[in-house]
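Read through the structure below, which is laid out as structure tokens, and then see the notes.
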Amino acid sequence: FLAMQRKWKKRSAIRIACGILAAVLLAALALSAYAYFRVDGTEIASVTEISDSCTVTLITYQHMEYGDRKEYVLNSLEIEILKNLLLNSTFTRSLEKVRYIKDYDHYEIRIDFNDGQNYLRILGTGNESITVTNQFDGNFLLINNPQWEDTLILLAQSASQRTKKRKKS
């Protein structure tokens, strides 16, 4: 009887150890999946290097109307706002290479670091998603910042008003 009890206790200990190991493995798998799919703005290459010495162009257009696009060159304050938007935003990596577009407002952010080499291009669809040229294997990044599109609209309006004032004088 005692031998059977010891054997049973040994099996229980093994089952408990296997259960703990399985829970640890599942937690590690969940954590690595979370780390893969969640993308901080700081993970976009060269974003931390954006400064007022860069030439930053914000282009806005409607879906299928790229010919009617509006281009705005941002000033140093607007560049700082854009940099903060990028750094403080989070995104969710999507496995889609092709995406059905629901929002008709499109944004293109071109950042020329004026060093003859680096160039950052971010294409966005409304408040839905962005793609970053030559990064994230061409996958879409879903935008998790509800202020994303509103901030881009404000930057475009600010740059537009500045341009209108220059034309009047």
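Considering only heavy atoms from C-beta on, Thr60 stays 4.5 Å or farther from Asp105 through its side chain. At a threshold of 4.5 Å between non-hydrogen side-chain atoms, the residues Leu86 and Trp148 count as touching. Inter-residue side-chain proximity for Gln135 and Leu120 is flagged as met; some heavy-atom pair is nearer than 4.5 Å. In this structure, the side chains of Phe91 and Glu43 stay at 4.5 Å or more apart for every pair of heavy atoms.
Contact record, Ile109 with Leu152: CD1-CD2, 4.1 Å, taken as the closest heavy-atom pair. Across all their heavy atoms, Ala159 and Tyr72 have their closest contact at CB-CB, 3.6 Å. Smallest separation of non-hydrogen atoms from Val73 and Glu78: O-OE1, 4.2 Å. The two atoms that bring Leu142 and Ser94 nearest to each other are CG-CB, 4.3 Å, heavy atoms only. A pairwise comparison of heavy atoms in Asn139 and Thr131 identifies O-CG2, 4.2 Å as the closest pair. Summarising the geometry of Leu87 relative to Val47, their closest heavy-atom pair is CD2-CG1, 3.4 Å, with the distance given to 0.1 Å.
Here the CD1-CG distance, from Ile130 to Asn127, works out to 11.5 Å after rounding to the nearest 0.5 Å. Note that the CG atom of Leu141 and the OG atom of Ser129 stand 8.5 Å from one another [nearest 0.5 Å]. The CD1 atom of Ile79 sits 6.5 Å away from the SG atom of Cys54 when rounded to the nearest 0.5 Å. The line from CD1 of Ile81 to CG of Asn75 is 8.0 Å long, rounded to the nearest 0.5 Å.
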Going through the distances and angles, do Leu25 and Leu29 end up as a side chain to side chain contact (heavy atoms under 4.5 Å, CB included)?
CA-CA 6 Å; Leu25 288 175; Leu29 181 65; over 6 Å; no

- Task: Would you sort out whether Ile122 and Tyr107 count as a side chain to side chain contact (heavy atoms under 4.5 Å, CB included), showing the intermediate values?
- Result: CA-CA 8 Å; Ile122 301 171; Tyr107 303 92; over 6 Å; no

*Trace of the side chain to side chain contact (heavy atoms under 4.5 Å, CB included) decision for Ile44 with Phe136*: CA-CA 9 Å; Ile44 299 173; Phe136 307 105; 4.1 Å; yes

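Checked against salt bridge (Lys or Arg N to Asp or Glu O under 4.0 Å), Arg93 has no partners two or more places apart in sequence or in another chain.
Listed for the Thr151 side chain is a donor-acceptor partner under 3.5 Å among the backbone atoms of Gln147. Judged by distance alone, the side chain of Ser32 and the main-chain N or O of Ala28 form a donor-acceptor pair under 3.5 Å.
Hydrophobic clustering (ILVMFWY, side-chain heavy atoms < 4.5 Å, transitive): Leu123 and Phe140 are in distinct clusters. Cluster membership for Leu58 and Leu77, using ILVMFWY side-chain heavy atoms within less than 4.5 angstrom, is shared. Put simply, Ile153 and Leu85 are part of the same group of oily side chains (I, L, V, M, F, W, Y) that touch within less than 4.5 Å, one to the next. In this structure, Tyr119 is not a member of the same hydrophobic cluster as Val132, with clusters built from ILVMFWY side-chain heavy atoms closer than 4.5 Å.
Applying the ring-ring contact (aromatic ring centres under 6.0 Å, His included) definition to pairs two or more places apart or across chains, those involving residues 18-62 are Tyr61-Tyr66, Tyr61-His106. Among residues at least two apart or in separate chains, salt bridge (charged side-chain N to carboxylate O under 4.0 Å, His left out) pairs with a member in residues 106-115 are Glu108-Arg110, Glu108-Arg121. The salt bridge (charged side-chain N to carboxylate O under 4.0 Å, His left out) pairs that include a residue from residues 45-64 number zero, where partners must be two or more places apart or lie in different chains. A salt bridge (charged side-chain N to carboxylate O under 4.0 Å, His left out) check over residues 21-38, counting only residues at least two apart or in different chains, returns the pairs Arg38-Asp40. Screening residues 79-89 for side chain to side chain donor-acceptor pair (under 3.5 Å) gives Ser89-Asn145 as the qualifying pairs, with residues at least two apart or on separate chains.
For the residue pair Asn114 / Thr55, a side-chain donor-acceptor distance below 3.5 Å is found, with atom types taken as modelled.
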